[in-house]
**Q** 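Below: one structure in structure tokens.
Numbers restart at 1 for each chain; the letters A, B, ... are given by sequence-line order, proteins then strands. Not measured: the values here are computed from a predicted model.
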There are 2 protein chains.
Amino acid sequence: MQRKSKTRERILLAAKKLFSIKGFDGVSMEEIANEAGVKKALIYYYFPSKEDLFFEVWQRSIDEMEHAVLKPIQNEGPFMAKLKKLLRSYIDFVRSRRETLQLIERERINIESRQSTLWEKLGERYSEFVERIAQLVKEGKLAAELASDLDETVTAQFIVGSLSSVDKNQLEEVANLILKSLTKKE
Amino acid sequence: MQRKSKTRERILLAAKKLFSIKGFDGVSMEEIANEAGVKKALIYYYFPSKEDLFFEVWQRSIDEMEHAVLKPIQNEGPFMAKLKKLLRSYIDFVRSRRETLQLIERERINIESRQSTLWEKLGERYSEFVERIAQLVKEGKLAAELASDLDETVTAQFIVGSLSSVDKNQLEEVANLILKSLTKKE
DNA sequence: GGTAAAATTTACCGAACGGTCAGTAAAATA
DNA sequence: TATTTTACTGACCGTTCGGTAAATTTTACC
């Protein structure tokens, strides 16, 4: 029972690593098995298919990101403090969990362009995350700290998108740009 | 001679379409052939390999983007006019050339994580594009229209990244956010 | 220590992959 | 008209793919 979950975990870790580097279609089950130090058939003992394996990797990655980014701001008080904390924790996440971020960034587009119902669920899971940030933006508008004509979802996409696409060494600069763009002119 | 280039073009167009939807590893040569209305073997008459086919699709796509985004600002005068024109032309590009943008966004990460010399060239071609926008930022700093402590490359990545990652219907809002974040406080 | 269940490996399958090649039809050249 | 070049096809090759079934080893429990 203990051994079982340990092997399963090793497979998930190996899969996540390789998926993040080469993408879903670029990785074979044999590669994943080798990375995990296991024979290919054993993967099928724990996971019904390559897709199912990827699904679990994806869900876990989004959970991980959501936890790292959203959890720290939950008990924060005033809106501006929350926003700054969000940027801070997002920067920390990008810096410390490169593999997770790369997996998400890489497969996000891929997921959107597959039409199967199962894959769509994965896309929705990601949208949920963005929408939670959009909720924060809404909060800021209600508190009159952000301009009332801001579209919440677009603003959330803007925050995530800009922080995900720049060099990891200068994320603070981007966070400042975001802050400056969002705060009301006085 | 005329027929030859027409077929070649059809193959390139079909490949671009499929690569942009499914990615390099997600598309087979047979699919591309079907999309182009051609037998698979004929593709190898025009292109030595799948990689070579992709290389040409990629180079053309970057050229297309560079032309659409950078050409309009070449003969523009003052810096702020140039910057606004850049945002305008980038928005138009995102709206009208979705396939091209999706190909670039999708394969950019993929290209970076392949270590072969040939693939690295493709990555450099993209970096060139970003660096050209960075040059514009530098211009703005010299003209004292932008804060002097802005990192040019990061700012360029910020502009491209944020405009590439939001819903196409509200790009103007993002352009305004970018403008607000970059212009000096008065 | 025997034994049943769980965990892992070996051996294999049909399909699909990227790529090749001999040959043919159609055009261009002479 | 004869000949060379260009455009294109179908059949096929070796390999790798995702996935399965059966045999073997390891573990847990009495």
**Q** Separation of A/R10 atom CZ from C/dA7 atom P, in whole Å?
**A**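 Roughly 14 Å, once rounded to whole Å.
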
**Q** When you check the phosphate oxygens OP1 and OP2 of D/dC8, does a side-chain N or O of B/Y46 lie under 4.0 Å from one of them?
**A**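 Yes, such a contact exists.
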
**Q** Roughly, in whole Å, what's the span from OH in A/Y44 to P in D/dA22?
**A** 18 Å

**Q** Salt bridge check: are B/E105 and A/R108 linked by an N-O gap of less than 4.0 Å?
**A**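 No, this pair does not count.
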
**Q** Under a 4.0 Å heavy-atom cut-off, which of residues 111-119 of chain B touch DNA chain D?
**A**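 Nucleic-acid contacts, sorted: none.
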
**Q** Carefully, step by step, assess B/W58 and B/F24 under the rule ring pair (Phe, Tyr, Trp, His ring centres under 6.0 Å).
**A** CA-CA 11 Å; B/W58 176 260; B/F24 179 78; over 10 Å; no

**Q** Side chain of B/T7 only, please: which of C/dT8, D/dG19, D/dC8 is the nearest?
**A** D/dC8

**Q** Please state how far atom CZ in B/F47 lies from atom P in D/dA7, giving the value in whole angstrom units.
**A** 13 Å

**Q** Please list, by residue number, the residues of residues 48-58 of chain A whose heavy atoms come closer than 4.0 Å to an atom of DNA chain D; answer none if no residue qualifies.
**A**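 A/S49, A/K50, in order of number.
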
**Q** Strictly below 4.0 Å, N to O, side chains only: are A/R106 and B/D25 in salt-bridge contact?
**A**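 Salt bridge flag = no for B/D25 with A/R106.
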
**Q** For a 4.5 angstrom cut-off between non-hydrogen side-chain atoms, does A/K16 reach A/E64?
**A**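 Yes - at least one pair of side-chain heavy atoms lies under 4.5 Å apart.
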
**Q** Is it true that atom CZ of B/R98 has more than 12 heavy atoms of other residues, nucleotides or ligands lying nearer than 6.0 Å?
**A**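 No.
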
**Q** Over how many whole Å does the gap from A/D25 atom CG to D/dT16 atom P extend?
**A**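 That distance rounds to 18 Å.
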
**Q** Does the pair B/R88/B/E172 count as a salt bridge with the N-to-O cut at 4.0 Å?
**A** yes

**Q** Between A/R114 and A/E51, is there a side-chain N and carboxylate O pair less than 4.0 Å apart?
**A**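 Salt bridge absent between A/R114 and A/E51.
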
**Q** Please list, pair by pair, any protein nitrogen or oxygen found under 3.5 Å from a nitrogen or oxygen in nucleotides 9-16 of chain C.
**A**
residue : atom : partner : partner atom : Å
C/dT9   : OP2  : A/K39   : N            : 3.2

**Q** In whole Å, what is the span from the CZ atom of B/R8 to the C1' atom of D/dC8?
**A**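 To the nearest whole Å, that distance equals 16 Å.
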
**Q** CG/A/D52 to OH/A/Y44 distance, rounded to the nearest 0.5 angstrom?
**A** 10.0 Å

**Q** Whether A/E145 and A/K82 form a salt bridge (side-chain N of Lys/Arg under 4.0 Å from carboxylate O of Asp/Glu) is what I want to check.
**A**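 Looking at A/K82 and A/E145, the cut-off is not met.
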
**Q** First locate atom OG of B/S181, then atom CG of A/L179, and finally report the distance between them rounded to the nearest 0.5 Å.
**A** 11.0 Å

**Q** Take the protein atom NZ of A/K6 and the nucleotide atom C1' of D/dT26, then report the distance between them rounded to whole Å.
**A**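 Spelled out: NZ on A/K6 to C1' on D/dT26 is 16 Å.
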
**Q** Passes salt bridge (Lys or Arg N to Asp or Glu O under 4.0 Å), A/R125 versus A/E128? Steps please.
**A** CA-CA 5 Å; A/R125 182 70 190 83; A/E128 263 177 55; 3.7 Å; yes

